[in-house]
Amino acid sequence: MIRELLHEVPFPVTAILVLAWLLLLWRFWMFTMKPLMRPSDPKELPYWIPYVGHTLAFFRASDKLLERGLNYMNRSHEIFAVRVLGKKIYIITEPADVTAAFRDSEGLSFDGLLGRLLRNFNVKPEAFERAWHKPQPGDWCYIPNNPLNPDQLDLIHFVEAVYKKQLLPGEHEEKLSQAFLSSASKSMQFGPDGLLDNCQMNEEIRRRLSLYSLCRLVIVDAVTRSFFGNHLHNIDPDIVEHMISFNRYAWMVVFGFGTGLFETPVAKPQKALMAALKGEEAWVLKQLLPVMDLVGIDVESRAAMLLMSYWAAISNEYNVTFWILAYLLYDESLFLAVKQETEAAWRQPPPSVASPSSGGEDQDEQLDVMYLSANSPRLEAIFNETLRLRNGAGAIREVTKTCVIGGKVFQAGNSLMIPFRQLHTNEKVWGPTVNNFDPSRFLDKKSLARHPSFRPFGGGATMCAGKTLAKEEVFGFIAILLRRFDVRLAAGAPLDETASRPSKDGSPNIGRIPPFPLMNDTVPSLGINGPIDGMDVIVDITTRCPKKG
Ligand code: HEM
């Protein structure tokens, strides 16, 4: 009977029916039977197309995919897995599992990912081999009792160690922080010596600025000068624009879409940055060059490595600063509290030190950024709450040895991800108001800033080396801006009657204010997300200190 029926059905239809049947069988086996037979494997979020799995959803809206995974697990925060480009990625969101994963540097490695990043940033294959080679007696790169590299580290780990030395709190980090503040202070003015004219929104209304451009331009410029002096600007005056364009599309490089047959939007700025970074003079950390010379790294690959570090230094700060200022401008009580804290960090110079030309005006005031950073509980709570809600990235590791976390077995060859947004919105930790912007949670419960479910700077061996510097730079930028200017939401900016401000208790706070910008989560996030294109905060600013601007 079935045979007769099949004879009557055209072949393509039969083929489709057989394939659909096989697919159903496969799906039943994969997502119903297998989990029952192997309960110690993390459950996979079901999908329909083998190999492809969740690839499209991951690149298009990873946040939504991960939320779907959490719902599939009944929001128990038990480990689950998604499949991207044929590979399984374990997703960890339970605080205890996160801590265990960051601790396990043997089974879970960052090196594989770093290797892929180096390749995608254009480090050449030979340089790549050389950079991972640990000097052995008799090698071309072995110097007995090498004073520069006494632990005989391979170049990659040597660079990492130099960065840590440079960025962790101490003399070097203070110098970088001061250099940043001095540059930001110089460029935060109107006229030919400053950068603010470039942020003008309206030719007729002078001093109506895009807050996003202001944060982005001044911060990327100041970080560039603090790391490289004026060298990069001298080589290429458009260096800051190139870096901003690069950061916008950096996800393409990170995921390996940056090179190849087609000219992607990231290719042009990347080429310009590489050209500028090839100049040897550009290197601020002079310790690195001799070791790169010794190991035999070509100029192109050297520039690629420098670009990676330069990018780490600029990629997050302007977005954090933008969101903090946006929150302040939309909430007067927060604004006033922060203003009070930043004002308290300005120091008058002793009378003998005031320069005769300035007549002791506040141009000569000094910002005590260490004091600001340690004594601004409100600003700190806003900083933390912003990092909590605006960080769409995650820590990725490769499983190099089969290991067990949270009672689940991780097979070697797969990857794992600790997604910060899902950690930062775990209802079990942050309570029912998890999606509200509420800095007071960090004031009421100070331990939250150290909670394993709060990881804006990652964790374990590769925890962000620049976190102290980042905080000082963001706080310092805000202190200079508020000291020098009166900053207000632009008068007469388009109003949104239904716009709700971020409110403390989650109740809608309807008012005649410009709409609060929405966060851009349409491309894979590598850190702090910015606003959606075209959404901004437009501000009118007037100078408080007559000498500047
Ligand atoms: C708010 C600003 C910042 C955020 C949110 C941030 C976030 C992160 C995160 C999450 C990691 C860990 C990656 C992982 O383990 O998978 C990391 C690593 C790193 N960050 Fe940051 N970062 C910021 C600012 C900075 C700055 C200003 C610098 C340098 C000037 C910097 C330099 C680094 C370096 C060198 C590493 C790698 C550390 C290592 O491999 O040992 N970061 N950052």
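One-based numbering, in listed order, for ligands and for the atoms of each.
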When you measure from the heavy atoms of G527 to every atom of ligand 1, does any distance fall below 4.0 Å?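 Flag not set, G527 not near ligand 1.
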Location of contacts on [X] toward ligand 1, heavy atoms closer than 4.0 Å:
X: L469; answer: side chain
X: L114; answer: neither
X: F227; answer: side chain
X: R397; answer: side chain

Salt bridge between [X] and [Y], side-chain N to carboxylate O under 4.0 Å?
X: K401; Y: D104; result: no
X: E385; Y: R388; result: yes
X: D298; Y: R302; result: no

Proximal candidate to atom 10 (C) of ligand 1 [heavy atom criterion; set A461, G459, P456]: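 Looking at heavy atoms only, the winner is P456.
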Name all pairs fulfilling the salt bridge (charged side-chain N to carboxylate O under 4.0 Å, His left out) condition that reach into residues 448-476, sequence neighbours left out, sorted by first residue then second.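 As it turns out, the salt bridge (charged side-chain N to carboxylate O under 4.0 Å, His left out) pairs with a partner in residues 448-476, which skip direct neighbours, are E380-K471.
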Would you say the rings of [Y] and [X] are close, in the sense that their centroids are separated by under 6.0 Å?
X: Y310; Y: F227; result: no
X: F180; Y: F477; result: no
X: W311; Y: F121; result: yes
X: F516; Y: Y327; result: yes
X: F442; Y: W430; result: yes

Subset of ligand 1 atoms that lie under 4.0 Å from at least one heavy atom of [X]:
X: K164; value: 41 (O)
X: V320; value: 1 (C)
X: E317; value: 27 (C)
X: A312; value: 25 (C), 26 (C), 28 (C), 31 (C), 42 (N)
X: F420; value: 10 (C)
X: F110; value: 16 (O)

Protein heavy atom at shortest distance from [atom]:
atom: atom 36 (C) of ligand 1; answer: A465 N, 4.1 Å
atom: atom 12 (C) of ligand 1; answer: T462 O, 3.4 Å
atom: atom 32 (C) of ligand 1; answer: G466 N, 3.9 Å
atom: atom 40 (O) of ligand 1; answer: E160 OE2, 3.2 Å
atom: atom 21 (Fe) of ligand 1; answer: C464 SG, 2.3 Å
atom: atom 6 (C) of ligand 1; answer: N316 ND2, 3.5 Å

Under 3.5 Å, is there a donor-acceptor pair between the side chain of D221 and the main chain of L217?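 No, because the side chain of D221 does not come within donor-acceptor range (under 3.5 Å) of the backbone of L217.
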Distance-only donor-acceptor hits, side chain of residues 151-161, under 3.5 Å, sequence neighbours excluded:
{"unit_1": "Q152", "atom_1": "NE2", "unit_2": "I143", "atom_2": "O", "d": "3.0"}
{"unit_1": "D154", "atom_1": "OD1", "unit_2": "I156", "atom_2": "N", "d": "3.1"}
{"unit_1": "D154", "atom_1": "OD1", "unit_2": "H157", "atom_2": "N", "d": "2.9"}
{"unit_1": "D154", "atom_1": "OD1", "unit_2": "H157", "atom_2": "ND1", "d": "3.1"}
{"unit_1": "D154", "atom_1": "OD2", "unit_2": "H157", "atom_2": "ND1", "d": "2.9"}

